[in-house]
There are 2 protein chains.
Amino acid sequence: MALSPAVEDTLKAIYHLQQEVSPPVSTSDIAERLDKAQATVTSTLDRLEAQGLIAREPYQGSELTDDGKTVAVEVLRHHRLLETYLAEYLDYPWEQVHEEADRLEHHISEEFERRLAEKLENPRRDPHGDPIPGKDLEPPNQNPATPLSACEVGDRVVITRVSDRDEDDLAYLADVGITPGTDVRIVDVAPFGMITLEVDDTEQAVPEGVAASIRVTVLNHDDPANAEQRGDA
Amino acid sequence: MALSPAVEDTLKAIYHLQQEVSPPVSTSDIAERLDKAQATVTSTLDRLEAQGLIAREPYQGSELTDDGKTVAVEVLRHHRLLETYLAEYLDYPWEQVHEEADRLEHHISEEFERRLAEKLENPRRDPHGDPIPGKDLEPPNQNPATPLSACEVGDRVVITRVSDRDEDDLAYLADVGITPGTDVRIVDVAPFGMITLEVDDTEQAVPEGVAASIRVTVLNHDDPANAEQRGDA
DNA sequence: ACCCCTATTTAGACCCGTCAAATTTAAAAA
DNA sequence: TTTTTAAATTTGACGGGTCTAAATAGGGGT
């Protein structure tokens, strides 16, 4: 009854892809995200379908069932609780928590999860600003925050989330002070190139590719609608 | 290069058996300890030998090589650091730490191990009184402590170690106050039956089987030789 | 309506971990 | 020495997870 890391990882990949592109997710997208051969993914997908965790139309794509989504969200909860705990209680540097959590998330017990959440007092965001699903396993609603790459010169924004997938990028961003909750002003946008920011009274340049994975809340045209989404580090 | 849980568990089993019986360890003893079929163990042993982790004479038994011993001790270090951390920082009850540590020991990184040891200030004993190997991975020398079942009426002893392998026994012992470091007096030994102890001014009976897995240091004939082996909880 | 390209699946292979059943070995008993 | 018995290995099976290479399906173009 216990699911293997391979199965959980595949479910997680589908979950993430589902909220980037609309539901039926392609086999090759999953394979790319997992860094596995397509044939590997096809066979895993077969097993997943047999267990009722995904719905699948050959050649068309896959979609999580409710059961599958619950599993994915539970793994996500493990991941983000672990990241938060590692950063907060074991002093892990920001950019290292992801890798460790990615292994451990498959092996902790319900008990461990409970105690982690308790120690952290049921945190709602992980160190990258991503929402942590509650113990009810409701999928956190993905407020479609603006990517930094879509901002304009002069905007004042608060960083809300930073993708946790590249260690080097994260180390750089942490170094220059771009972390969830930070207040930033867009100084310059070079077409197809760097975005220059003012952060903590210094200027920092961020390549467009990286900027695309940073989500922000825009502050300048004082919009009270999404005021509550601010990071809370 | 990363070793699987099955491989690490087998190495650990051989390590433990080697210090209970003299070196060449039988396949069936390993199988029994791991609760696996003998055929399973035989095939794992073949792989272990191919990797130079054990030396093996078919039909005669297996023995860890230096490499194999190092792996076993590293896993043991993970296990006991985890047990200590779970008990101390996550408030796990005594009898539950073993099971959780038994899974996680295979999945934590060197970094995690380091940080655990650091937070705990390089502890030398785990919650059951077992010695924690240092980061040099020297096998902790197994001081051949007396089993409680070998004590005589009137002996005053200090509990030094309690086997962590049975949850129910542990829960009971914790409940009546028999934990490493506790000072105890043997009140009665019924032949083939119960051993009655005085602990914290109450009397407690312990079945012989359980008593065999409790190690103690005898105090009554004031023997200064092993005075330094006292538990330190 | 046909062709082509790319995404996808199939086929076939391999290793790990697991087991039950059959066989072999070694050691003890007769 | 022969027989018996217990332990250990071998055989053959199966599922998971992985891959490369071959076949095939679908969705454009022309």
Side-chain angles (χ1 to χ4, degrees), chain A residues 1-14 17-18 20-64 68 71-72 75 102-103 105-107, chain B residues 1-14 17-18 20-64 68 71-72 75 102-103 105-107:
Chain A
M1 197 75 309
L3 304 181
S4 67
V7 161
E8 291 186 348
D9 282 340
T10 305
L11 255 12
K12 214 177 33 154
I14 299 173
L17 289 167
Q18 277 190 359
E20 287 171 19
V21 300
S22 42
V25 165
S26 81
T27 304
S28 40
D29 283 356
I30 301 170
E32 190 193 347
R33 201 166 216 278
L34 295 174
D35 198 26
K36 292 273 141 70
Q38 292 191 174
T40 302
V41 174
T42 300
S43 79
T44 305
L45 255 21
D46 283 346
R47 258 174 295 134
L48 251 27
E49 192 184 22
Q51 284 174 91
L53 297 168
I54 62 170
R56 171 169 163 59
E57 196 66 49
Y59 292 100
Q60 301 306 314
S62 306
E63 196 169 343
L64 296 176
V71 173
V75 176
D102 236 15
R103 256 172 310 109
E105 64 187 2
H106 307 296
H107 305 288
Chain B
M1 199 76 306
L3 304 181
S4 67
V7 161
E8 291 185 347
D9 282 340
T10 305
L11 256 10
K12 215 177 30 154
I14 299 173
L17 289 168
Q18 277 189 0
E20 286 170 21
V21 299
S22 43
V25 165
S26 81
T27 304
S28 41
D29 282 357
I30 301 170
E32 189 192 349
R33 201 168 217 276
L34 294 175
D35 198 26
K36 292 276 139 72
Q38 290 192 175
T40 302
V41 173
T42 300
S43 80
T44 305
L45 255 21
D46 283 346
R47 259 174 294 133
L48 251 28
E49 191 184 23
Q51 285 174 88
L53 297 168
I54 63 170
R56 170 168 163 60
E57 195 65 49
Y59 292 99
Q60 301 305 314
S62 306
E63 196 170 342
L64 294 177
V71 172
V75 176
D102 237 15
R103 259 173 307 108
E105 65 187 1
H106 307 297
H107 304 288

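Each chain gets a letter, A, B and so on, in the order the sequences are listed, and its residues count up from 1. Nothing here was measured: the structure is a model prediction, and the numbers come from that model.
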Could you grab the distance from atom [atom1] of [X] to atom [atom2] of [Y], nearest 0.5 Å is fine?
X     : Y     : atom1 : atom2 : answer
A:L53 : A:L3  : CG    : CG    : 6.5 Å
A:T40 : A:I30 : OG1   : CD1   : 12.5 Å
A:S43 : A:K36 : OG    : NZ    : 11.0 Å

Quick one: [X] [atom1] to [N] [atom2], roughly how many Å, whole number?
X     : N      : atom1 : atom2 : value
B:E49 : C:dC16 : CD    : P     : 15 Å
A:L45 : D:dG16 : CG    : C1'   : 15 Å
A:Q38 : D:dA21 : CD    : P     : 14 Å
A:L48 : D:dG16 : CG    : P     : 11 Å
B:L3  : C:dC16 : CG    : C1'   : 13 Å
A:D46 : C:dT9  : CG    : C1'   : 9 Å

Going 5' to 3' through nucleotides 20-25 of chain C and flagging B where a protein heavy-atom sits under 4.0 Å of the base, S where only the sugar-phosphate is that close, and - otherwise, we get B---BS

Side chains of B:L48 and B:L45: closer than 4.5 Å at any heavy-atom pair? yes

Ordered by number, residues from residues 27-34 of chain A within less than 4.0 Å of DNA chain D (heavy atoms) are none

Between B:H107 and B:R103 the two heavy atoms that sit nearest each other are CD2-O, 3.1 Å

Exercise. Would you indicate, yes or no, if D:dT9 has its OP1 or OP2 atom less than 4.0 angstrom from a side-chain nitrogen or oxygen of B:R56?
Key: yes

Residue-phosphate contact under 4.0 Å: A:K36 side-chain N/O, D:dT18 OP1/OP2: yes

**Asked** Please, which pairs that meet salt bridge (Lys or Arg N to Asp or Glu O under 4.0 Å) have at least one residue in residues 20-33 of chain A, sequence neighbours excluded?
**Response**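 Those involving residues 20-33 of chain A are A:E20-A:R33.
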
Sorted by position of nearest nucleotide on DNA chain D, 5' first, the leading residue of A:Q51 and B:T42 is B:T42

Checking all strands, does B:S43 fall into the base, sugar-phosphate, or nothing category for heavy-atom contacts under 4.0 angstrom? base

Of the candidates C:dA27, D:dT18, C:dT18, the side chain of B:Q60 sits closest to C:dA27

Counting only pairs under 3.5 Å, give me each side-chain donor-acceptor contact of residues 6-14 of chain A, with atom names and distances, residues two or more places apart or in other chains.
{"from": "A:E8", "atom 1": "OE1", "to": "A:H106", "atom 2": "ND1", "distance (Å)": "2.6"}
{"from": "A:D9", "atom 1": "OD1", "to": "A:H106", "atom 2": "NE2", "distance (Å)": "2.9"}
{"from": "A:T10", "atom 1": "OG1", "to": "A:A6", "atom 2": "O", "distance (Å)": "2.8"}
{"from": "A:K12", "atom 1": "NZ", "to": "A:D102", "atom 2": "OD1", "distance (Å)": "2.8"}
{"from": "A:K12", "atom 1": "NZ", "to": "A:E105", "atom 2": "OE1", "distance (Å)": "3.4"}
{"from": "A:K12", "atom 1": "NZ", "to": "A:E105", "atom 2": "OE2", "distance (Å)": "2.7"}

- Who pairs with A:S28 by side chain to side chain contact (heavy atoms under 4.5 Å, CB included), at least two apart in sequence or on another chain?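 So A:S28 forms a side chain to side chain contact (heavy atoms under 4.5 Å, CB included) with A:S26, A:Q38.
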
Using atom types as modelled, flag every donor-acceptor pair under 3.5 Å from a side chain in residues 54-64 of chain A to any protein atom, sequence neighbours excluded.
none

